[in-house]
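Note sheet for the following structure.
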Amino acid sequence: MRTWHPSTLVVAGLTLVLAATSPRAASHREAPLMTLDPAADITDVYAFVSYDTANLARASADRKVTLILNVIPAQEPSSGPNYFAFDDNVLYELHVDNNKDGDAEDVIYQFRFQTTVDTPAQFVATLAPVTALEGPNAAGMAIKQRYTVTELRNCKEKKNGPKCKQKTVLFSGQSKPTVPSNIGPKTMPDYAALAAQGIFTDAGTDIRVFAGQRAETFAIDLGAVFDTVNLRRTPLPVETAAEDANDAVNPFGVNAFSGFNVNTIAIEVPAKRLTGDGAAPSAANGTIGVYASTSRQQVTIRRGSPALNPKKPPAELLQGAKSFRQVSRMGNPLVNELIIAVGKKDLWNATDPADEALFLDFYRNLAVADALKLVSGVDVPAKPRNDIVHLLTQYADQNVSAAPFSELLRLDMTVAPTPPASIKRLGPLAHDAAGTATPDGAGFPNGRRPNDDVTDIVVRVAGGKNYVDNRVGDGVHINDRGLTPDFPFLPTPYDGRDRVHKDPGE
Amino acid sequence: MSRPQRACAAATLVLVGLAGGPALAATPADRAVAVAEEHVANSRNRPDGYVELATAFMRKSRESGDPGYYARAQAALDHALALDRDDYGALRVQAWVLLGRHDFRGALAAAERARGVEPDDWWNYATIADAEIELGDYDHAVDAAQRMADLRPGLPAYTRAAFLRALFGDRAGAVEMLTLAAAAGSAQDPETLAWTLVQLGHEHFALGDLPAAAAAYGRALAVFPDYYLALGGLGRVRAAEGHLDEAAALYRRAVEQIPSPDLLAALGDVYAASGRPDDAERQYALVDYTGDVAEAVGTPYGRQLALYYCDHDRRLPAALQLAEQEAATRGGIYTDDALGWALQKNRRTAQAVRASHRALRLGTADALLEYHAGVIAAGAGRPRRAARHLRRALALNPFFDLRQAAVARASLAALDDPARLARGETR
């Protein structure tokens with residue numbers, strides 16, 4: 001502890017303030033401008049036919065599809081005493097288009113959270129070991145969070161949100177507990193078992209849900225990619241065929257997200273509930289378009305005449321009653337980061353994907369391809385990049401010269417899931433050690449699985465044939481927790497006490 | 001997917017030198033500065049890195065309360081604009097830096113220019129609203145802030161909505177907005193969350209709710225320990241509760257970091273109330289020294305200094321000069337209030353009355369504004385109006401100021417007596 005010496009310290013401090021070169025500064029009520037808003041920041045969206053043993057064994061008509069929405073990026077596991085929760089004031093949604101019109105309002109899943117503080121005076125997050133999400137064995141947790149799941153069907157977008165023909169609150173309207181952050185082995189002796197208690201199946205719809213913390217599977221050499229695609233290895237070909245075919249090793253990149261966690265909302269739905277006609281997926285009805293959104297409450301700054309009695313508490317509860325405005329969205333990965341220009345990113349986030357026509361010039365002029373050419377000197381396809389427009393904003397059978405354009409993650413549910421042992425990170429671009437193509441059609445851009453290497457796929461698609469042939473990539477293939485074969489298909493989060501940040505084999 | 005949170009350890013080491021003084025642990029803003037400096041070093045021919053660096057310095061200035069970082073932010077922006085005078089990233093941040101430097105007209109012009117380039121970027125409406133608030137054009141400020149809130153609801157929009165609601169007399173609505181803002185904050189950005197909680201504390205204090213105010217300041221200190229704004233807020237609560245030793249200790253911790261005139265004066269007032277006039281005088285002497293420097297080079301603390309001089313009946317001509325200087329660059333009801341108070345203390349009653357009317361024109365529920373209006377009305381020979389203002393001040397917040405609340409009570413008693421006498425009542 002420093003002791004306080006009034007004269008020296010204060011005068012030294014005064015000099016600091018007064019020596020400022022700017023004579024007019026500080027000291028007004030400066031409201032913040034920067035906003036991280038992690039609770040509403042969608043990190044990744046996944047959509048795939050479930051590849052757990054049970055679903056692999058089902059007849060194709062009875063298969064189930066998992067949709068995942070991740071938020072709160074780059075969670076350092078050892079963040080006590082503040083751990084990671086969803087925001088009670090954010091509306092979390094997954095939207096599905098099942099009639100190819102680009103309006104993803106045919107089926108909507110809404111998630112709303114509610115936090116309860118059982119012991120407000122408790123300073124540490126937990127006291128007694130936590131072995132259950134509810135009841136006496138959960139008593140150690142000072143703060144608990146529960147959530148409700150609502151299915152909306154056949155909606156039309158209106159000014160104050162969707163109007164829907166059908167609304168079902170799962171679990172008969174009951175809320176379910178979320179899975180808390182993985183604090184450490186003493187507090188949570190068997191976290192995997194604790195988290196497993198957070199998977200719930202709704203009897204009426206056969207829908208499974210999970211909400212809580214998971215380890216981040218998205219692996220990328222972020223520092224290199226966002227330094228104008230300044231990849232750490234440039235001589236071509238970047239990776240040998242054998243390196244590129246090995247999904248278990250990162251040949252040269254540094255995974256920026258190793259050892260970090262995210263918060264996951266996962267929902268597994270029978271495929272028949274997602275088709276337009278309620279029938280089993282077929283060539284006619286089997287392709288859906290998906291995006292996730294987060295929304296925050298709209299506010300009116302001047303509410304009529306000033307309050308008569310300023311001591312009166314706020315009239316209405318903040319939760320629930322108000323209309324919402326979308327603040328973040330995601331369908332395909334890396335669109336906002338790599339395609340949309342600075343200054344338009346927030347607007348893009350607030351826009352309905354069905355209005356993607358507003359942004360098509362960014363796709364056609366794909367600036368990231370220019371950056372690739374600049375770095376590698378290898379030619380990229382000529383503009384306009386209608387291939388990119390078509391891939392990201394249209395269904396396969398639609399024509400790039402005409403609407404609709406809607407930036408959705410598209411999943412052909414008739415493609416059988418690949419068993420975990422055979423899943424290839426490069427999906428349709430996968431090949432063996434000799435370089436012979438071994439495509440895995442159940443991966444991105446046919447939907448997206450948690451371990452698909454979207455960075456390498458996107459770089460190669462953006463760069464075109466030369467980049468596919470030269471196996472260009474960021475040198476990061478996988479996170480060090482690997483692939484998770486069961487719902488919610490994302491690994492157990494790193495715990496706060498024993499976390500490490502490393503790549504596989506490091 | 002967001003920016004990486006990992007900072008380069010080597011760059012962090014560099015920062016300790018940059019921050020100067022004792023080796024403090026690197027804060028989120030320090031890490032942002034380190035990352036930005038690395039980006040600048042890697043690509044000196046592109047504006048982006050410099051804009052990122054300017055942004056990081058702005059964060060650092062907020063976090064530390066040290067306005068010296070504004071100059072560094074401006075220098076970084078100058079680099080960016082030298083590379084590309086139309087760089088949009090630099091244009092939008094320019095308005096922010098000018099706000100920090102209290103060049104509100106310049107900030108408004110810069111913000112309007114950025115809006116011309118990107119009319120759908122919420123940021124430009126935030127900087128427009130901030131500049132209009134400081135210039136006193138509240139209708140335009142509300143329009144801009146509403147547009148901002150429509151484009152991007154979230155902590156920045158909610159905090160501006162709260163401030164405007166409070167200005168228009170809707171304190172309950174301000175509390176609602178700040179509660180929403182705090183819920184949208186993140187421990188990953190502790191200064192922003194702590195700032196929001198401090199504003200929530202101020203709103204509760206403005207209504208005399210000391211326990212709620214203390215709880216909000218306490219939460220701010222939990223997420224951002226030793227935050228000078230929260231220490232000052234909590235010190236004011238403890239003083240109002242009569243816990244003067246605790247209040248003094250909190251204020252000492254605050255001025256140890258940022259010896260701003262308002263915090264030093266508040267510490268002096270606590271000492272004075274504790275029967276420690278010598279200690280009090282030592283603090284007041286430090287504030288006077290700030291004023292001496294201000295006379296030579298100007299000051300960002302014009303309003304605080306003017307109020308301090310008036311409240312302590314020191315250097316009253318200088319107080320008026322500061323308030324007039326402030327009014328030349330800044331509008332708004334709090335500028336009018338300081339000007340009215342300084343005019344009153346300099347016995348320019350008629351002008352004081354006009355300034356006081358302007359200060360109350362929005363219907364703001366603020367005890368200090370009402371108190372000043374009351375004293376000014378009394379000076380103008382309007383005892384009933386004076387009593388009404390003073391009663392309203394004390395009803396809104398009986399603890400509004402350690403020294404002035406007592407003055408308000410005494411003045412009210414003095415006003416009430418002759419009023420009763422005039423109505424023929426006996427004591």
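Letters A, B, ... are given to chains in the order of the sequence lines, protein chains preceding strands, and every chain is numbered from 1. Everything numeric here is computed off the predicted structure, so don't read it as measured data. Just the heavy atoms: all of them, side chains too, but no hydrogens, waters or symmetry mates, feed the values below.
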- Pairwise side-chain contact, A:Arg302 with B:Asp139, heavy-atom cut-off 4.5 Å (strictly under): yes

- Query: Relative to chain A, which segment of B:Asp189 carries a heavy atom at a distance below 4.5 Å: side chain, backbone, both, or neither?
  - Reply: both

- Query: Does A:Val299 offer a backbone N or O that forms a donor-acceptor pair with the side chain of B:Gln146 under 3.5 Å?
  - Reply: yes

- How about A:Pro32 and B:Arg62: do any of their side-chain heavy atoms sit closer than 4.5 Å? yes

- Under a 4.5 Å heavy-atom cut-off, does chain B meet the side chain of A:Ala350, its backbone, both or neither? side chain

- Step-by-step side-chain contact (heavy atoms from CB on, under 4.5 Å) determination, A:Asp37 to B:Arg152: CA-CA 11 Å; A:Asp37 206 355; B:Arg152 205 332 180 167; 2.9 Å; yes

- Apply side-chain contact (heavy atoms from CB on, under 4.5 Å) to the pair B:Leu180 and A:Asn89, showing each step before the final yes or no. CA-CA 8 Å; B:Leu180 204 50; A:Asn89 297 303; 3.5 Å; yes

- Item | Considering all heavy atoms, the nearest B:Gly154-A:Arg296 contact | CA-CD, 3.9 Å

- Item | Partner set under ring-ring contact (aromatic ring centres under 6.0 Å, His included) for B:Trp122, not counting sequence neighbours | none

- Where on B:Tyr334 is there a heavy atom nearer than 4.5 Å to chain A: the side chain, the backbone, both, or neither? neither

- Message: If I compare all heavy atoms of A:Asp87 with all of B:Ala184, which pair ends up nearest, and what's the gap?
- Response: OD2-CA, 3.7 Å

- Query: Considering only heavy atoms, which portion of A:Thr300 lies under 4.5 Å from any heavy atom of chain B: side chain, backbone, both, or neither?
  - Reply: both

- Message: Tell me if a side-chain donor or acceptor on A:Gln298 pairs with a main-chain N or O of B:Pro153 at a distance below 3.5 Å.
- Response: no

- Item | Region of B:Asp279 in contact with chain A, defined by heavy-atom distances below 4.5 Å | neither

